[in-house]
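Below is one structure; the comments refer to it alone.
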Amino acid sequence: MKDEARPQQHFVQESHEFKGLLKASEELIPFLQKSHESKLHRKAIFLDGLLRSISDPIFYKDISGNYIECNDAFSEFMGRPREEIIGRTDHDLFEKEVADIFRMSERKIMEEDRPRKNEEQVVYPDGRHIFLETLRTPLRTPDGKLLGIMGISRDITNRKCAEDILHDLKNEFFQIINGSLLPIFVIDKDHTVVYWNKACEKISGITAAEMIGTTESWRAFYPRKVPLLADLIADGQIGLIEDHYGDKGLRSSSIEGGYEARDYFPQIDKWMLFNAVPLRNKSGDVIGAIETLQDITDSRKMEEELAKKHEQLLSILEAIDEPVYVCDPGTYELLFANSPIKLAKKALQESEERFEAISTFAQDAIIAIDNEGTITFWNKAAERIFGYSREESLSQDVHSLLAPQDYHEKCDPAFSLFKETGKGSVVGKTLEMRAKKKDGTEFAMELSLSAVILKNKWTAVAVIRDITERKRIEDTLLQAKIAAENANRTKSEFLANMSHELRTPLNSIIGFSDVLLEGCFGELNTKQYRYLGNISNSGRHLLGIINDILDISKVESGKSKLELEEISVHSALEEMISFMQPLAAEKEIVLKLEMAQGPDKLLADKPKLKQVLYNLIGNAIKFTDIGGYVTIKARAEGNMVSISVTDTGIGIEAQDMEKLFRPFTQLDSSTCKRYEGTGLGLALAKELIEAHDGSIWVESQPGKGSTFTFTLPLHRPLCRNDR
């Protein structure tokens, strides 16, 4: 009996213990419920605070399209209190056409179960037109049940207006060029033709569609490749300009950096006068060139005819029986002499007749003025240009007849000097001046003045060309150039000013993705976790691209200021190697530093210098295979420090060199697939180095690696206004 009582006692004891545990559990349940509710409350407060802190409008809708939540920014944007939005649909808030578009888009998003970004134009009842960029994404519970739609909107009305302005400026520039009667074409820095107007099509027989986008503008004029004046100006090759066009009447134009020359174009069988000027960006860097052409075949033939007549005249003088001589009017140096002089009078008459015949058909005005300032010769071109007939002009005072009033005080003393010596400030030169027509209007002219002795007195012979049309074209080109520069400046300033607007929605997307990845709103299944990871990574990748674009835009728009400080080159390079070492270790790449003896201090913007080094060393590691080497070298050369990054990677083809340092450019499609990147790193590095008054270049061989080198000045004035 005693042994049977023990199990009963043990059972009773266990029963009491179980009742105690049960009572403790009952007391714990309210505590756990309270803790869980507190945790949910904290999350709700966090989410509410996050929504209120975001400046972009955010909204939530259920499956039926009813608004179930929105932030203050959305309420303010809609112009309605939150209470008038929650529970309503788009058909209650917008016109039916707009609401139908929203609803159709959201149904498609829920069916496809993926986010979508749209640009939408919304017309409010009060007549406001708003452009929106809205990202909509499906909302699901942790177990995958579809709850509805979340949307983030942004007002892009100002951006759309700016895009329209840029488009209008570009069209205006195109219309100016395309409407010109003179052949005009435009190339960019890489010699690619970007404009080829109708006059160019007409004279060359090559359409704009065939020429634009090529680098072969020369084939319209020459049978073989010859650098055109625009090509050399775009490259800044002043020496080559003189080599190629020095014997073709080369001279500087009225626009800084521009030149004018003339040549025979075999492909069109014409002599052309061409004028090319550089196109510059806001920073003054040459980004291309504009070239205009003018057919001078007829005037060239006239010049050849004049030369032939001159030779004929000399032959005639040689054939004269009696002595004839020609001397320099200034030095009286004997220039020509023959034996006979018997036919001198007749030869002079023939010469005058020839001169009369030639001057009659000349396109330029030819005027002769005697020692008293009286007009003694007036050709047909002078009648056409000035409006005075031969009879009206002969025996008139040239200054009273043709010179504007503000020239008179200068003309009188200058002509007095000419009467005595045959010299003057304009004699023997070609100048641009103003002249007065018969109707009183003034025009721009090109004046070439020569002095000869007739009847023992100095006589002036003036050749005058009306350059009104040429000046108008030059002014038009200048205005077009300024308009293009302003358009480019507007683009750069617009991108630089959009930093907050571009980064804020991305940071929101990344932040929401990370919050969801942390499980703050419940556990995620494998597919959800992977998709959210893709959203977060893609957002960070896009944010990096936007940061690079904004950095480049800030430099171009002048908003990126250099904060100069004294930097140890050796310390800066060692710091970058330490920072990049983990990335190199993943590919078993050896990083080496070689410092030459010499100055170590450099005055530069340290963060921007590190950004350049990060891009160059990062590229070297990316394009070098496992087990390779990346060597960083630094040495002083005069007042410059040279820093190079050499790798043993894939190298670069010669034809691909010109693609480097362009934004969004990689070398080929296979490289794009194998190596990630946007091509912004080198473009940004170039901008930052040039902002420091430095330069950057590359040397490479396919399969043998590449060396990127940049130089920076060791000394820079602290008071300098850096960009």
> Should the pair E305-K301 be classified as a salt bridge under the 4.0 Å nitrogen-to-oxygen rule?
Replying inline: no

> Which class fits the ring pair F386 and F443: parallel under 30°, tilted 30 to 60°, perpendicular over 60°?
Replying inline: perpendicular

>> Would you compute the distance between atom CD of Q294 and atom CE of M272 and round it to the nearest 0.5 angstrom?
In response: 8.0 Å

> Does atom CZ of R470 have more than 12 heavy-atom neighbours from other groups under 6.0 Å away?
Replying inline: yes

> side chain to side chain contact (heavy atoms under 4.5 Å, CB included) with L477: which of N275, L182, I290?
Replying inline: I290

> Can you find a pair of side-chain heavy atoms, one from L293 and one from F185, that are under 4.5 Å apart?
Replying inline: yes

> Looking at side-chain heavy atoms only, is the closest gap between R154 and L132 below 4.5 Å?
Replying inline: no

> Between atom CD1 of I296 and atom NZ of K270, what is the distance when rounded to the nearest 0.5 Å?
Replying inline: 11.5 Å

>> Any heavy-atom pair between the side chains of I652 and V698 that's under 4.5 Å?
In response: yes

>> So, taking the atom named OG1 in T215 and the one named CG in D190, what distance separates them when rounded to the nearest 0.5 Å?
In response: 9.0 Å

>> Quick one, R280 and D285 - any side-chain contact, counting heavy atoms below 4.5 Å?
In response: no

> Are Y222 and Y264 close enough that their ring centres sit under 6.0 Å apart?
Replying inline: no

>> For the CD atom of Q363 and the CG atom of D466, what is their distance to the nearest 0.5 Å?
In response: 12.0 Å

> Does NZ belonging to K198 count more than 12 external heavy atoms closer than 6.0 Å?
Replying inline: no

> Taking everything shown except Q655 itself, do over 12 heavy atoms lie less than 6.0 Å from its CD?
Replying inline: yes

> Can any side-chain N or O of K225 pair as donor or acceptor with the backbone N or O of W218 at less than 3.5 Å?
Replying inline: no

> Okay, side chain of T192, backbone of D188: is any donor-acceptor separation there less than 3.5 Å?
Replying inline: no

> Any sub-3.5 Å donor-acceptor pair from S105's side-chain atoms to I101's backbone N or O?
Replying inline: no

> Could you give the distance from CH2 (W271) to OG1 (T297), rounded to the nearest 0.5 Å?
Replying inline: 9.5 Å

> Would a distance-only check, ignoring hydrogens and angles, find a side-chain to backbone donor-acceptor pair under 3.5 Å from E210 to T207?
Replying inline: yes

> Under the side-chain contact (heavy atoms from CB on, under 4.5 Å) criterion, do N118 and E133 qualify, and how do the steps go?
Replying inline: CA-CA 6 Å; N118 297 93; E133 183 179 74; over 6 Å; no

> Is a side-chain donor or acceptor of H692 paired with a backbone partner of D605 at a separation under 3.5 angstrom?
Replying inline: yes

>> Counting C-beta onward and ignoring hydrogens, is there a side-chain heavy-atom pair between Q267 and P223 closer than 4.5 Å?
In response: yes

> Do E119 and I156 come within less than 4.5 Å of each other through their side chains, counting heavy atoms only?
Replying inline: yes

>> Does F274 form a ring-ring contact (aromatic ring centres under 6.0 Å, His included) with Y259? I'd like the steps, not just the answer.
In response: CA-CA 8 Å; F274 42 92; Y259 287 89; over 10 Å; no

>> Taking atom CD as the centre, does E112 end up with more than 12 heavy-atom neighbours from other residues, nucleotides or ligands that are less than 6.0 angstrom away?
In response: yes

> Taking atom types as modelled and ignoring hydrogens, do the side chains of T711 and S695 form a donor-acceptor contact shorter than 3.5 angstrom?
Replying inline: yes

>> Under a 3.5 Å cutoff, is there a donor and acceptor pairing between the side chains of S153 and T134?
In response: yes

>> For a 4.5 angstrom cut-off between non-hydrogen side-chain atoms, does W196 reach I184?
In response: no

> For K108, does the NZ atom have more than 12 heavy-atom neighbours from other residues, nucleotides or ligands under 6.0 Å away?
Replying inline: no

> Run the side-chain contact (heavy atoms from CB on, under 4.5 Å) check on V186 and L279 step by step: do they pass?
Replying inline: CA-CA 9 Å; V186 181; L279 287 175; 3.7 Å; yes

>> To the nearest 0.5 Å, what is the distance between OH on Y245 and CG on D263?
In response: 6.5 Å

> Would a distance-only check, ignoring hydrogens and angles, find a side-chain to backbone donor-acceptor pair under 3.5 Å from D647 to S706?
Replying inline: yes

> Within a reach of under 6.0 Å around NZ of K437, are more than 12 heavy atoms found that belong to other residues, nucleotides or ligands?
Replying inline: yes

> Name the one of R251, R434, K471 that satisfies salt bridge (Lys or Arg N to Asp or Glu O under 4.0 Å) with E446?
Replying inline: R251

> Given side chains that start at C-beta, do those of E291 and L228 come closer than 4.5 Å, heavy atoms only?
Replying inline: yes

> Between F221 and F265, what is the ring plane arrangement, given parallel below 30°, perpendicular above 60°, and tilted in between?
Replying inline: tilted

> Does a salt bridge link R465 with D364, judged by any charged N lying under 4.0 Å from a carboxylate O?
Replying inline: yes

> What's the verdict on side-chain contact (heavy atoms from CB on, under 4.5 Å) for L712 and I689, showing C-alpha distance, side-chain angles and the deciding distance?
Replying inline: CA-CA 7 Å; L712 295 175; I689 290 299; 3.9 Å; yes

